[in-house]
Amino acid sequence: MKTITKAFAMAMTLLPAVMSCGNTSQKQETDSESNVEITIPTFNADSAYNYVAAQADFGPRVPNTEAHWQCAAFLTQQLERFGAKVIRQETTLAAWNGTPLRACNIIGAYRPELKKRVLLCTHWDSRPYADNDPDEKNHKTPILGVNDGASGVGVLLEVARQLQTQLPTIGIDIIFFDAEDYGIPQWWNGKYKDHTWCLGSQYWSRHPHTPNYNTRYGILLDMVGGKNATFFYEGYSQRTASSAMKKIWKQARKLGFEQFFIDRLGTEVTDDHIYVNEIARIPCVDIINYDPTSKNSSFGDTWHTIDDDLQHIDRVTLHAVGQTLLDVIYREK
Ligand code: AHN
Ligand code: ZN
C-alpha cells in the first residue's frame with residue numbers, strides 16, 4: 001500500500017508536465033525568447049522498438065533479395081500511414097565488385113511546401129557480409145543489421161508517427177537511404193576501391209527528390225539502439241555542421257541524456273552525412289555509436305558480426321535519441 005501511494009504521488013508530480021491523449025502524450029513548454037507555448041510529443045520507445053523488431057523479422061535486408069523488397073514495401077506503407085508524402089527513388093547502383101544493385105531510397109516529406117526544413121536520415125539496408133565477426137567462417141554471411149540499420153529506421157518511424165498527430169512549425173523530410181552497407185569487405189585482398197559505402201546517399205545527393213532541394217541541416221542516425229551506446233562528437237560533423245551538432249548535444253544533455261551524448265570528440269567516420277554534405281551541400285550531423293572500449297570495433301562489439309541482433313537493442317537508447325530529435329525539431333521556428 002505504501003509503495004502504491006508513493007508511486008501514485010510520483011505520477012501526480014509529473015501530471016502537469018506530461019499530458020496523455022489517446023496513445024500519444026506530450027509536454028507543454030513556453031519558449032523563453034518568444035513566450036510562445038510549444039507542445040513537444042513524448043517519444044514512445046516501445047513503439048520504436050516494435051518497428052525495429054518488425055524489420056528484423058524480414059531477415060537481412062540485403063539489396064537484390066526478396067526480404068529487401070518486402071521491407072521497402074513495409075517502410076513505404078508505414079510512412080504513408082503516418083501522413084507523409086512518400087517518394088521512392090528506385091535505381092540501379094554498382095557495388096564494389098560490379099554487381100548491379102536494385103536500390104530504393106525512401107523519402108517521406110511533411111509539409112513539402114515550406115522553405116524552412118530539417119532533414120532526418122538513416123540507412124535501411126543491412127550488410128551482406130559479417131566481415132568483422134570474430135569467427136572467420138561467418139565473414140560472408142549476411143547480417144541481421146538490427147543496430148546497424150534497423151535502429152535508426154525504428155526511431156524515425158516513431159518520429160513520423162508523432163509528426164502525424166501534430167506537426168512542428170517547420171517542414172521535415174525523413175530519408176531512408178539504401179545500399180549504405182554494401183561497402184568493400186575486409187576480406188577482399190584485391191585492389192582497394194574508394195566510395196563503395198553509402199551508395200544510396202551518393203545517389204540522392206546527386207538527385208535530390210525535389211529540384212533545388214534545401215534544408216537547414218540534416219541529422220543522420222547510425223547504430224542508435226545498442227545498450228549503453230555512446231555518441232561522441234563525430235569529427236566530420238564537428239568540422240562541417242558544428243552549430244547543428246552543438247544544438248543537438250545541448251538539447252540531449254538538457255533532457256538528462258548525458259550518459260549517451262558525450263561532450264567529447266570521437267573519431268571521423270565514413271558515412272552518409274559525408275556525401276550529403278559534399279555533394280548536396282547540406283550540413284549533416286552523424287549521431288553514431290562510438291565505443292572506445294570495444295576490442296572488436298570502435299562501433300561496438302556487434303558491429304558487422306552475426307550478433308547484431310534484437311537481443312543487443314535497448315529501448316532506453318532508442319528513447320534518448322528519439323526524444324532528443326523531437327525536442328530539437330519542435331523547437332525550430
Ligand atoms: C566504415 O566502415 C569506416 N564506415 C562505414 C560506416 C557504416 C557501416 N555505418 C554502418 N555501417
Ligand atoms: Zn554497417
Side-chain angles (χ1 to χ4, degrees), residues 55-79 86-108 121-133 138-146 148-150 152-153 156 173-211 213 218 220-223 269-280 282 284 303-306 308:
Q55 294 166 79
D57 279 346
F58 289 104
R61 283 93 54 225
V62 174
N64 297 348
T65 67
E66 186 58 32
H68 179 262
W69 282 113
Q70 280 175 4
C71 187
F74 167 73
L75 300 178
T76 305
Q77 222 175 58
Q78 295 306 303
L79 287 176
V86 180
I87 298 140
R88 285 168 56 112
Q89 278 192 324
E90 287 183 36
T91 186
T92 302
L93 302 166
W96 63 278
N97 54 1
T99 304
L101 306 176
R102 284 302 292 161
C104 182
N105 292 326
I106 304 166
I107 301 132
C121 52
T122 191
H123 76 92
W124 73 271
D125 62 307
S126 62
R127 182 152 180 76
Y129 331 103
D131 55 341
N132 200 50
D133 198 278
N138 297 325
H139 284 187
K140 294 188 180 172
T141 305
I143 67 168
L144 205 46
V146 180
D148 188 1
V153 174
L156 293 187
D173 301 290
I174 291 177
I175 307 187
F176 298 144
F177 291 125
D178 200 355
E180 187 272 347
D181 230 349
Y182 217 111
I184 195 162
Q186 294 180 36
W187 43 258
W188 176 248
N189 43 33
K191 197 174 176 297
Y192 186 80
K193 206 170 170 277
D194 279 318
H195 307 295
T196 62
W197 302 89
C198 311
L199 301 178
S201 59
Q202 293 188 52
Y203 182 83
W204 178 84
S205 299
R206 292 193 176 91
H207 311 275
H209 60 285
T210 57
Y213 176 76
L220 173 67
L221 305 183
D222 199 356
M223 299 178 262
V269 305
T270 302
D271 213 343
D272 295 314
H273 66 311
I274 303 225
Y275 296 100
V276 169
N277 184 74
E278 262 164 30
I279 303 171
I282 295 163
C284 188
W303 183 70
H304 294 181
T305 74
I306 60 161
D308 184 1

TODO: Could you tell me whether a side-chain N or O of Q89 sits under 3.5 Å from a main-chain N or O of G200, the two making a donor and an acceptor?
DONE: no
Task: Within-4.5 Å side-chain heavy-atom neighbours: D148 and D181 - done: yes
- [ ] Step by step, work out the side chain to side chain contact (heavy atoms under 4.5 Å, CB included) result for F177 and V276.
- [x] CA-CA 11 Å; F177 291 125; V276 169; 4.0 Å; yes
Task: Listed partners of P142 passing side chain to side chain contact (heavy atoms under 4.5 Å, CB included), at least two apart - done: P60, V62
Task: Any donor-acceptor N/O pair, H139 side chain to D133 backbone, under 3.5 Å - done: yes
TODO: Starting at OG of S201, measure out to CG of N277 and round the result to the nearest 0.5 Å.
DONE: 11.5 Å
Open item on the list: So, applying side chain to side chain donor-acceptor pair (under 3.5 Å) with R102, which one of T92, T65, N64 is it?
Closed with: T92
Task: side chain to side chain contact (heavy atoms under 4.5 Å, CB included) partners of L221, counting only residues at least two apart - done: T122, V155, L156, I219, V224, I287, V321, L325
Task: Closest contact, heavy atoms only, D131 versus P185 - done: OD2-CA, 3.3 Å
- [ ] Mark yes when over 12 heavy atoms from residues, nucleotides or ligands other than D194 sit less than 6.0 Å from its CG; otherwise mark no.
- [x] yes
Open item on the list: I'd like to check H209 versus D173 (side-chain heavy atoms, cut-off strictly below 4.5 Å). Are they in contact?
Closed with: yes
Open item on the list: Under 6.0 Å between ring centres: does that hold for F58 and H68?
Closed with: no
Open item on the list: Using the ring centroid of each side chain, check whether F74 and W124 are separated by less than 6.0 Å.
Closed with: no
Task: Interatomic spacing from CD in E180 to CG in N105 - rounded to 0.5 Å - done: 11.5 Å
Task: Side chain T99, main chain A95, donor-acceptor under 3.5 Å - done: no
- [ ] Test W204 against I279 for side chain to side chain contact (heavy atoms under 4.5 Å, CB included), laying out the working first.
- [x] CA-CA 9 Å; W204 178 84; I279 303 171; over 6 Å; no
- [ ] Only counting residues at least two apart or in another chain, list the ones meeting side-chain hydrogen bond (donor to acceptor under 3.5 Å, both in side chains) with W96.
- [x] Y129
- [ ] Assess the side chains of D125 and H123: does a donor N or O sit below 3.5 Å from an acceptor N or O?
- [x] yes
Open item on the list: I need the minimum non-hydrogen distance between A56 and V146, along with the two atoms involved.
Closed with: CB-CG2, 3.9 Å
Open item on the list: Side chains of Y203 and D178 only: does a donor on one sit below 3.5 Å from an acceptor on the other?
Closed with: no
Task: Check: N132 main-chain N/O paired with T305 side-chain donor or acceptor under 3.5 Å - done: no
Task: Interatomic distance, I174 atom CD1 to L75 atom CG [nearest 0.5 angstrom] - done: 11.0 Å
- [ ] Decide side chain to side chain contact (heavy atoms under 4.5 Å, CB included) for D308 and W303; before the verdict, give the C-alpha distance in whole Å, the side-chain angles of both, and the deciding distance to 0.1 Å.
- [x] CA-CA 6 Å; D308 184 1; W303 183 70; over 6 Å; no
Task: Closest approach of C71 to R61 (non-hydrogen atoms, all atoms of both residues) - done: CB-CG, 3.6 Å
TODO: Just say parallel, tilted or perpendicular for the rings of H304 and W197, cut-offs at 30° and 60°.
DONE: parallel
